[in-house]
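This report concerns only the one structure given below.
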Amino acid sequence: MPIPNPIAFTIFNIDIRWYGILIALGIILATLAVYKRAPKHDIESEKTLDFILISLPVGIIGARIYYVLFNWDFYAGDFFKMINLRAGGLAIHGGLIFGLIAAAILCKLWNYKFFNVMDLAMPAVALAQAIGRWGNYFDSEAHGGPTSLPWGILVGGQKVHPTFLYESIWCFILFGILLMVDNNRKFNGQVLLLYGILYSLERFFVEYLRTDSLMLFGIIKQAMLLSAIVFILCVVAYIILARRSRRAGKIFYGGYSKYTGKFKQ
């Protein structure tokens, strides 16, 4: 697969890149998924827009800050280079961390249960990732090392692992898995923790193949280390919450208690 033109079209002398179009498409579809499924979590659909309008920009800022910090030698002393998103440079882990923090603060302010809101959001996050990752293909980035596999992509005249494709396929599968689990939740936080477990598992191995990874202290790929830590923490938390749920003898579907007949946020 050769690399296509990263520019989709030009309007008023401004190049509109495929990367931006795909990220925007992912955000739109993710928003629709959250909006439609919000009532299953006893959350007003319109309220999800408030969450997204605040958490999304914070997440994008976080993704940029994260990327800049791990490439400080390149950005140091040049503020305009730091904020030039059109030149590329977003780290999904930074976006997730900042987005989760923003959502947690909003849940506290608006009196929503954080785990319930995150269970609603995470399938949509996986969907947005699955679509947005194709932007890496158009920008010839986030690829792996040389390969002879038939589905390799050509970058600089060399066939390499399409790691963006591996992650995109996995995130589409993850989206489906999380939706099924969300329809039959046994405890608040189950979907969030499964996302942490399954995405971290995939990212750890895919990151191993990548050649453009952000490094920690110049000796270890930070995404691999963070994925390992998140995987372990989420597995432990999942086991604890699952046991508590079984001991409580209650099953919650979208925050709805079959025993009390009432929704719990």
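What you see is a predicted model, and the numbers here were worked out from it, not measured in a lab.
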Go through Phe187 and Phe115 one step at a time and tell me if the side chain to side chain contact (heavy atoms under 4.5 Å, CB included) criterion holds.
CA-CA 9 Å; Phe187 56 88; Phe115 276 168; over 6 Å; no
Drop me the distance from Asp119's CG to Arg37's CZ, to the nearest 0.5 angstrom.
10.5 Å
Which pair of non-hydrogen atoms, one from Ile21 and one from Ala8, has the smallest distance, and what is that distance?
CD1-CB, 3.5 Å
If you draw the axis of the six-membered ring of Phe74, does the NZ or CZ of Lys81 fall within 45° of it and under 6.0 Å from the ring centre?
yes
Please check if the distance between the ring centroids of Tyr66 and Phe70 is under 6.0 Å.
yes
Distance check, rounded to the nearest 0.5 Å: Asp78 atom CG versus Ile83 atom CD1?
9.5 Å
In this structure, NE2 of His93 is separated from CD1 of Ile97 (nearest 0.5 Å) by 7.5 Å
Do Gln129 and Val125 have side chains that get closer than 4.5 Å, going by heavy atoms?
yes
Do the side-chain N and O atoms of Arg17 and Asn5 include a donor-acceptor pair separated by under 3.5 angstrom?
no
So OG of Ser55 and CD1 of Ile105: to nearest 0.5 Å the spacing works out to 9.0 Å
Shortest non-hydrogen separation from Leu178 to Pro123 and the atoms involved:
CB-CG, 3.7 Å
Is there a path of hydrophobic side-chain contacts, each under 4.5 Å between heavy atoms of I, L, V, M, F, W or Y residues, that connects Leu69 with Ile101?
yes
I'd like to know whether Ile131 forms a side chain to side chain contact (heavy atoms under 4.5 Å, CB included) with Phe172, so could you lay out the CA-CA distance, the side-chain angles of the two residues, the decisive distance to 0.1 Å, and finally the verdict.
CA-CA 8 Å; Ile131 297 171; Phe172 274 121; 4.1 Å; yes
Stepwise side chain to side chain contact (heavy atoms under 4.5 Å, CB included) test for Glu167 and Asn136:
CA-CA 11 Å; Glu167 182 153 321; Asn136 298 137; over 6 Å; no
For the student: nearest non-hydrogen atoms of Leu22 and Gly135, plus distance
CD1-N, 3.5 Å
Could you tell me whether the side chain of Ser245 and the main chain of Lys186 form a donor-acceptor pair under 3.5 Å?
yes
For Trp18, which residues count as a ring pair (Phe, Tyr, Trp, His ring centres under 6.0 Å) partner, sequence neighbours excluded?
Phe138
Under 3.5 Å: donor-acceptor pair, side chain of Asn84, backbone of Phe80
no
Short side-chain donor-acceptor distance under 3.5 Å, Asn116 and Arg185
yes
Between the side chain of Ser168 and the main-chain N/O of Phe164, is any donor-acceptor distance below 3.5 Å?
no
Answer with yes or no whether the hydrophobic clustering places Ile14 together with Phe9; edges join I, L, V, M, F, W, Y residues whose side-chain heavy atoms lie under 4.5 Å apart.
yes
Kindly indicate whether the side chain of Lys40, heavy atoms from C-beta on, has any atom under 4.5 Å from the side chain of Asn183.
yes
Measure from the side-chain N and O atoms of Trp170 to the backbone N and O of Leu198, and report whether any donor-acceptor pair falls under 3.5 Å.
yes
Please check this pair: side chain of Asp15 against backbone of Thr10, looking for a donor-acceptor N/O pair closer than 3.5 Å.
no
Should Leu106 and Ile54 be marked as a side chain to side chain contact (heavy atoms under 4.5 Å, CB included) after you check the CA-CA gap, both sets of side-chain angles, and the distance that decides it?
CA-CA 9 Å; Leu106 293 177; Ile54 297 175; 3.8 Å; yes
Examine Trp134 together with Tyr19 and report whether their ring centres are nearer than 6.0 Å.
no
For Glu207, all residues meeting salt bridge (Lys or Arg N to Asp or Glu O under 4.0 Å), sequence neighbours excluded
Arg203, Arg210
Of the non-hydrogen atoms in Ala142 and Arg133, which two are nearest, and what is the gap between them?
CB-NH1, 4.1 Å
Would you say the side chain of Asp182 lies within less than 4.5 Å of the side chain of His41, judging by non-hydrogen atoms?
yes
Nearest 0.5 Å, what's the CD1-CG distance between Ile65 and Leu90?
11.5 Å
Does a side-chain heavy-atom distance below 4.5 Å link Tyr35 with Ile52?
no
According to a hydrophobic-cluster definition based on side-chain heavy atoms being under 4.5 Å apart (Ile, Leu, Val, Met, Phe, Trp, Tyr only), do Leu32 and Leu53 belong together?
no
Ile23 side chain near Leu25 side chain, heavy-atom distance below 4.5 Å
no
May I ask you to test the Met118-Cys107 pair for a side-chain heavy-atom distance under 4.5 Å?
no
Distance-minimising heavy-atom pair for Ala33 and Ala124
CB-CB, 4.3 Å
Any Trp110 side-chain heavy atom under 4.5 Å of Asp50 side chain:
yes
All ring pair (Phe, Tyr, Trp, His ring centres under 6.0 Å) counterparts of Tyr195, not counting sequence neighbours:
Tyr199
Could you tell me whether the side chain of Gln190 reaches within less than 4.5 Å of the side chain of Leu241, counting heavy atoms only?
no
Is Leu233 reachable from Leu201 through a run of I, L, V, M, F, W or Y residues, each pair having side-chain heavy atoms under 4.5 Å apart?
yes
Starting at OH of Tyr112, measure out to CG of Asp42 and round the result to the nearest 0.5 Å.
8.0 Å
Are Glu202 and Tyr166 linked by a side-chain donor-acceptor pair shorter than 3.5 Å?
no
Residues Pro162 and Ile153: closest non-hydrogen pair is CB-CG2, 3.9 Å
Grouping I, L, V, M, F, W and Y whenever their side-chain heavy atoms are under 4.5 Å apart, do Val230 and Ile232 come out in a common cluster?
yes
For the side chain of Arg64 and the backbone of Met82, is there at least one donor-acceptor N/O pair under 3.5 Å apart?
yes
